[in-house]
Chemist: 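Got a structure for you, questions after.
One-based numbering, in listed order, for ligands and for the atoms of each. Computed from a prediction, not measured in an experiment: that's the story for all the values here.
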Amino acid sequence: MAVFRAGENIFVLETENYQYVLGVGSDGLLRHLHWGEKVQPGDFEIKVFDDINSNHSYLDTICQEYSPFGSKLFRDCAFKCRFGDGVRDAVLVFKDYVISENTLKIFLEDIHYRLEAELLYTVYEDCDVMGRKVIIRNTGEECIECEKVMSAELSFPEKCEYEIINTNGTWWGEYQVVKERLSGGTLSFESRKGTSAHGNAPFFIAKPCLDERGEKTLFGVLEYSGSFKVSVSRDGFNVTRAMVGVNDFDFIVSLKSGEEFSAPWVYFGCTESVDEVSRIMNRFALKYVFPEQFREKTLPVLYNSWEATGFDVTAESQKRLAERAAKTGAEVFVMDDGWFGERKDDFAGLGDWYVNKKKFPNGLSELIDHVNELGMDFGIWIEPEMVNPDSDLYREHPDWIYNFKTRTPSEMRNQLVLNLTKPQVKEFVFDFIDKLLSENNIKYIKWDMNRPISEPGAENLRDGRELWFRHTMAVYEIVDKLKEKYPETQFEACASGGGRCDYGAFRHFDEIWTSDNTKPIDRIEIQNGYALINPTKAMRAWVTDSSDAPLSFKFNISMQGALGLGMNLLDSSEEELACMKKYVEIYKENREVIQFGDRYGLMNLKDHMLNANEFVNVKKSKAIIFAACVNTKFLHRSFKIKLKGLEANSRYNVEIGEDRFEKSGSYLMNVGIERDFGGDYKNEIWTVNKIN
Ligand code: GLA
């Protein structure tokens, strides 16, 4: 709900449990007043301050909703621009507002120039989430160059220190959680690569460092898959603020007369605990973010050929693999890299999206028909944004890549990045995928992106610095258009595993490939880090040959997202296939709860020597718990696991393998169940069902 209280000049936004209040001061500045528990609105005051002294301007000490660089603002700003006459000073004051249903639009304008900033706020009442973004408009004649356009400035309610949580990973080691206590200065998390999340991720969680007085954990997450920046600063007066948006490093938007720039959404909220953030955002993604076609459907179990056959794909070998995959109960068979052009390794072929005749003499249909006859859908790997110098495409269009004219473009994995900001390149990419999908019964696309953008030059643009944003938008545009034309085809965002893991990806793709690292022990940490703020359903997790852990352990870990298989099934015995089938069946029986339920991190390896995560359905009538212990130390063998999220007064049947017993919700949550995990790779799956 969004309301304007005219007498007080304040706007009140309310979700089910929380409130966000802003108001217009007599100086015309849009001020931030409250973010937290609901209070009666009538009491808010908008104080107008003087400078504290000659060294501290009032602009630095008050909390504005969207601070431009200008006048006497010396702290971090949300917006910075250069007007046509060279003036680099913006002063934005309140002009107008519009409220429609759950959306508030506030229009700010510069006091001299024809520059408008539209701040949009959307309330998702039932999810306890709000969204905000900004649209910058040039309503005048002369060009305006925007050097920084953050989507949101968020002022924290407490003057205490906050612990700021983000991730700090690498390819193969994504989502390593970091917690930094911010006493003063600025903490910055960012990407400068053109993708989002191998290192830091586009979100923050901020936990107040206070004795529990009910202070709330805050969070904000950006819907964007490109170079981003999340910076959180604490000033000398103990005020903490976050700026979240597209990275202003090497960034520019030049707005000609009448043009506008629409920044990506930031979703934000506050809640009781860090663990609750994951559930709020999981529910929010399921209800409001994922593309509609598959939003309410469970995702299928897939088999992917990459770790089994690498680039060595042929019609025959893939057919044999598919026959095996069908025996496990997989529902989609995805053929990975290697099927096109002169692709036999990563040195050649990217860009030449025709079927390799030596490997597939009868085209793809022979394999696809076989896969379909086996009862599975067919999926395929592509890497549309890339080209190998050794390709017909590059020989024909050497000018289709990003580069500076005096530089040799840097190769990574022997490939270069296509300039998707050129209309003809964007068209080429759309057309080849369109052709692939129109000529073949393909129900799943794995869209990869295996290197960052370097030498970011694009002579077709007014200013090359625009390419970062435009590239990401071009990817979204192509995917959206394809999804519209092929609504039955699912899209996975891969980016080397984990490189495009963000709410922008969740908005346009149905799922993501979490990490190229499929070792189950590493995966425990990677997946727990992912789950901090990202939705379970989108997290692809394969069982592979990457470790010697028993199948039970591997499935235990991979079943905690969208299950996949990636082992070389040609080496698997009939017993192993039967065992896989058993786990796939357990997964299918419970996937509704896993993919759509609330996730509770019960115990983690670092603190407890055992990792246990629980998924509970919305009705609290079904839960599934995955408990895994890599190895026990000394004489420790017995672990007590306490559940969460059940109804205290209901009774539940608990099944752990052959063991069956009945307990109350309160017992399961407060006393817990003690089990023996002594030895190596011990693991258990518990199912808990409410007794009516
Ligand atoms: C990336 C992906 C892998 C696989 C290879 C193919 O590394 O993350 O899953 O698709 O590319 O080259």
Chemist: Among protein heavy atoms, which sits nearest to atom 7 (O) of ligand 1, and what does the distance come to when rounded to 0.1 Å?
Modeler: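 Checking every protein heavy atom, the shortest distance to atom 7 (O) of ligand 1 gives D516 OD2, 2.8 Å.
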
Chemist: Is the closest N or O pair between D337 and ligand 1 shorter than 3.5 Å?
Modeler: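 Between D337 and ligand 1 (N or O atoms, distance only) the closest approach is under 3.5 Å.
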
Chemist: As an exercise, identify every atom of ligand 1 less than 4.0 angstrom from a heavy atom of W513.
Modeler: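 Ligand 1 atoms under the 4.0 Å threshold to W513: 8 (O), 9 (O).
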
Chemist: Could you check whether the rings of F340 and W381 sit parallel, tilted or perpendicular, using 30° and 60° as the cut-offs?
Modeler: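 Parallel: the ring planes of F340 and W381 meet at under 30°.
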
Chemist: Any idea which atoms of ligand 1 are less than 4.0 Å away from a heavy-atom of K446?
Modeler: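 Within the 4.0 Å cut-off of K446, ligand 1 contributes 3 (C), 4 (C), 9 (O), 10 (O).
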
Chemist: Please list, in number order, the atoms of ligand 1 under 4.0 Å from a heavy atom of G497.
Modeler: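 In order of numbering, the contacting atoms are 8 (O).
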
Chemist: With a cut-off of 4.0 Å, which atoms of ligand 1 are near a heavy atom of C494?
Modeler: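 So the answer, numbered in order with elements, is 2 (C), 8 (O).
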
Chemist: Could you see which bit of N450 sits under 4.0 Å from ligand 1, with heavy atoms only: side chain, backbone, both or neither?
Modeler: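 It is the side chain that touches ligand 1; the backbone stays farther off.
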
Chemist: Checking side-chain polar atoms at under 3.5 Å, does N611 have a donor or acceptor matched by the opposite partner on N528?
Modeler: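 Yes.
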
Chemist: Any side-chain donor paired with an acceptor under 3.5 Å for T167 and Q176?
Modeler: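 No, because no side-chain N or O of T167 sits under 3.5 Å from a partner of the opposite role on Q176.
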
Chemist: Looking at atom 4 (C) of ligand 1, what's its closest protein heavy atom, distance included?
Modeler: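 Protein heavy atom at minimum distance: D336 OD1, 3.4 Å.
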
Chemist: Test the R507-Y476 pair against the cation-pi criterion, namely NZ or CZ under 6.0 angstrom from the six-membered ring centroid and within 45° of the ring axis.
Modeler: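 Relative to the ring axis of Y476, which defines the angle, R507 lies outside at least one limit.
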
Chemist: When you measure from atom 1 (C) of ligand 1 to each heavy atom in I382, D448, L350, which option holds the nearest one?
Modeler: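 The residue whose heavy atom sits nearest atom 1 (C) of ligand 1 is D448.
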
Chemist: Could you go step by step and tell me if N403 and E455 meet the side-chain hydrogen bond (donor to acceptor under 3.5 Å, both in side chains) rule?
Modeler: CA-CA 5 Å; N403 194 23; E455 289 92 16; over 6 Å; no

Chemist: In a check of salt bridge (charged side-chain N to carboxylate O under 4.0 Å, His left out) between E331 and each of K443, K297, R591, which one passes?
Modeler: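 Result for salt bridge (charged side-chain N to carboxylate O under 4.0 Å, His left out) with E331: R591.
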
Chemist: Dump the intermediate steps for ring-ring contact (aromatic ring centres under 6.0 Å, His included) on W400 and F428, then the final yes or no.
Modeler: CA-CA 11 Å; W400 274 17; F428 162 81; 5.6 Å; yes

Chemist: Does ligand 1 have any atom sitting under 4.0 Å from a heavy atom of R413?
Modeler: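 Yes, that is the case, since the closest heavy atom of the residue is under 4.0 Å from the ligand.
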
